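Input: a single structure, listed below in structure tokens.
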Amino acid sequence: MLAQLHVGGLIEHGPTAGAATERHWIALFERYLPKRYRASSAFVIDSRGNRSRQIDIAIYDHFYSPLLFPQEGAVHIPAESVYAVFEVKPSMSRPLVRDAAAKVASVRALHRTSATVISAGTRCPAVRPNRILGGLLAASSVWGEATFAANIAPAVAEHKRQEQLDLVCCLEHGTLEYIRAVRVSRPEESLIVFILRLLERLRAMGTAPAVDWEQYGCSLRSFREK
């Protein structure tokens, strides 16, 4: 993975380098995540007409989620269908951690509906949506291997719950996970720890809630009435 990102950085420049980096991470998710999930660059929207900032990588429901208003390089995804969002950078620093936290908060702030579903002829009640996972992905950091853990831990822990980053993967220096406390992996285990912890966190979230399309329709009617 590091070799692919470094080669991409040598060949690509500017915006194309960022897009190439995102593609490598998306390819990684497609390789290791169960097929119930899909990953892509996206905007996240809700039934009240709100939209998140552009998200580098959103992991969302593959089976039931429609892709609304697809564009080149990004799609619009209902907030109910999103499991996790990640910001992607060549290197990470404290300002980039803050920016990633703000992007995650822009998704968590969206309204999410939950509709009843029919299973085996039985009407199942609507479920409460789980908190969306947020994170930051990069090949390296400005701190270096020896000081990475000491700097990334307070940079992540200082944010409020709405902005909290759950998983931060720096391929060269380690993976951080935040669950009530901060844990940082060894550098040589950064990618495998990240994948395993992401799989476990996604499993614990269960299935995304069913979208209440009636509420999306009401929002459109309200827009026309205005």
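Computed from a prediction, not measured in an experiment: that's the story for all the values here. Basis for what follows: all heavy atoms, side chains included, without hydrogens, waters or symmetry-related copies.
Two residues are said to be in side-chain contact when any heavy atoms from C-beta on lie closer than 4.5 Å; M92 and I152 meet this criterion. Between P187 and F148, the closest side-chain pair of non-hydrogen atoms is not below 4.5 Å. No side-chain heavy atom of Y178 sits less than 4.5 Å from a side-chain heavy atom of L165. Counting heavy atoms from C-beta outward, R201 and E177 have side chains that approach closer than 4.5 Å. Side chains of L176 and L167 form no contact here, defined as non-hydrogen atoms less than 4.5 Å apart. Contact annotation: the side chain of I45 never approaches that of N50 to less than 4.5 Å [non-hydrogen atoms, C-beta and beyond].
In this structure, D166 contributes its side chain and G134 its backbone to a donor-acceptor pair below 3.5 Å. Using a distance-only test at 3.5 Å, with no hydrogens or angles considered, no donor-acceptor pair links the side chain of S106 to the main chain of S52. Using a distance-only test at 3.5 Å, with no hydrogens or angles considered, a donor-acceptor pair links the side chain of H159 to the main chain of A155. Judged by distance alone, the side chain of S190 and the main-chain N or O of L171 form a donor-acceptor pair under 3.5 Å. Judged by distance alone, with hydrogens and angles left aside, the side-chain atoms of S41 form no donor-acceptor pair with the main-chain N or O of V75 at under 3.5 Å. Between the D56 side chain and the V88 main chain, a donor and an acceptor come within less than 3.5 Å of each other. Under the 3.5 Å distance criterion, the side-chain polar atoms of R112 are matched with a main-chain donor or acceptor of N130. The closest donor-acceptor contact from the side chain of K103 to the backbone of E87 lies at 3.5 Å or more, if one exists at all.
The residues E200 and R197 are annotated as not salt-bridged, no charged nitrogen and carboxylate oxygen being separated by less than 4.0 angstrom. Using a cut-off of 4.0 Å between Lys/Arg side-chain N and Asp/Glu carboxylate O, D46 and R108 are scored as not salt-bridged. Ion pair R38/D61 not flagged as a salt bridge, since none of the NZ, NE, NH1 or NH2 atoms sits closer than 4.0 Å to an Asp/Glu carboxylate oxygen.
Put simply, OG on S91 and CD on E172 are 8.0 Å apart, with the number rounded to the nearest 0.5 Å. Between atom CD1 of residue I59 and atom OG of residue S81 there is a gap of 13.5 Å, rounded to the nearest 0.5 Å. Rounding to the nearest 0.5 Å gives a distance of 14.5 Å between NZ of K89 and SG of C170. In this structure, CG on L96 lies 7.0 Å from CG on L136, to the nearest 0.5 angstrom. Remark: W213 CH2 to S47 OG distance equals 10.0 Å, nearest 0.5 Å. Here CG of L137 is found 10.0 Å from CD of E22. Values are rounded to the nearest 0.5 Å.
Hydrophobic clustering of Ile, Leu, Val, Met, Phe, Trp and Tyr side chains at less than 4.5 Å, counting indirect connections, keeps I192 apart from L199. Both L28 and L133 belong to a single network of hydrophobic side chains, linked directly or stepwise wherever heavy atoms of I, L, V, M, F, W or Y lie under 4.5 Å apart. Hydrophobic clustering (ILVMFWY, side-chain heavy atoms < 4.5 Å, transitive): L198 and W25 are in one cluster. Linking ILVMFWY side-chain heavy atoms closer than 4.5 Å, directly or via other members, places V184 and L196 in two distinct hydrophobic clusters. Cluster annotation: I57 and I195 are assigned to the same hydrophobic cluster (Ile/Leu/Val/Met/Phe/Trp/Tyr, side-chain heavy-atom contacts under 4.5 Å, transitive).
Scanning all heavy atoms of the two residues, the minimum distance from V182 to A157 falls at CG2-CB, 4.3 Å. Smallest separation of non-hydrogen atoms from P154 and A150: CD-O, 3.1 Å. Minimum heavy-atom separation, R53 to A102: NH1-CB, 3.6 Å. Summarising the geometry of V85 relative to V82, their closest heavy-atom pair is CG1-CG1, 3.9 Å, with the distance given to 0.1 Å. In this structure, A42 and I77 approach most closely via the heavy-atom pair CB-CD1, 3.4 Å. Shown here for V211 and P78, the closest heavy-atom pair between the two residues is CG2-CB, 4.3 Å.
In this structure, R51 forms a cation-pi arrangement with F43, its terminal cationic atom sitting closer than 6.0 Å to the ring centre and no more than 45° off the ring axis.
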Derivation of the side-chain contact (heavy atoms from CB on, under 4.5 Å) call for V107 and I55: CA-CA 9 Å; V107 175; I55 303 303; 3.6 Å; yes

Salt bridge (Lys or Arg N to Asp or Glu O under 4.0 Å) between E158 and R94, intermediate numbers included: CA-CA 11 Å; E158 69 182 12; R94 206 176 190 101; 3.1 Å; yes

Audit row: R36, T207, side-chain hydrogen bond (donor to acceptor under 3.5 Å, both in side chains) steps and yes/no: CA-CA 9 Å; R36 64 182 293 184; T207 301; 3.1 Å; yes

Intermediate values then yes/no, side-chain contact (heavy atoms from CB on, under 4.5 Å), E189 and T175: CA-CA 8 Å; E189 297 174 345; T175 283; over 6 Å; no

Worked verdict on S40 versus Y60 for side-chain contact (heavy atoms from CB on, under 4.5 Å): CA-CA 9 Å; S40 69; Y60 55 97; 3.3 Å; yes

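Ring-centre distance between Y37 and Y83: below the 6.0 Å cut-off.
Just one residue in the list E80, R48, Q215 forms a side chain to side chain donor-acceptor pair (under 3.5 Å) with T113, and that residue is E80.
Other residues, nucleotides and ligands place no more than 12 heavy atoms under 6.0 Å from the CZ atom of R161.
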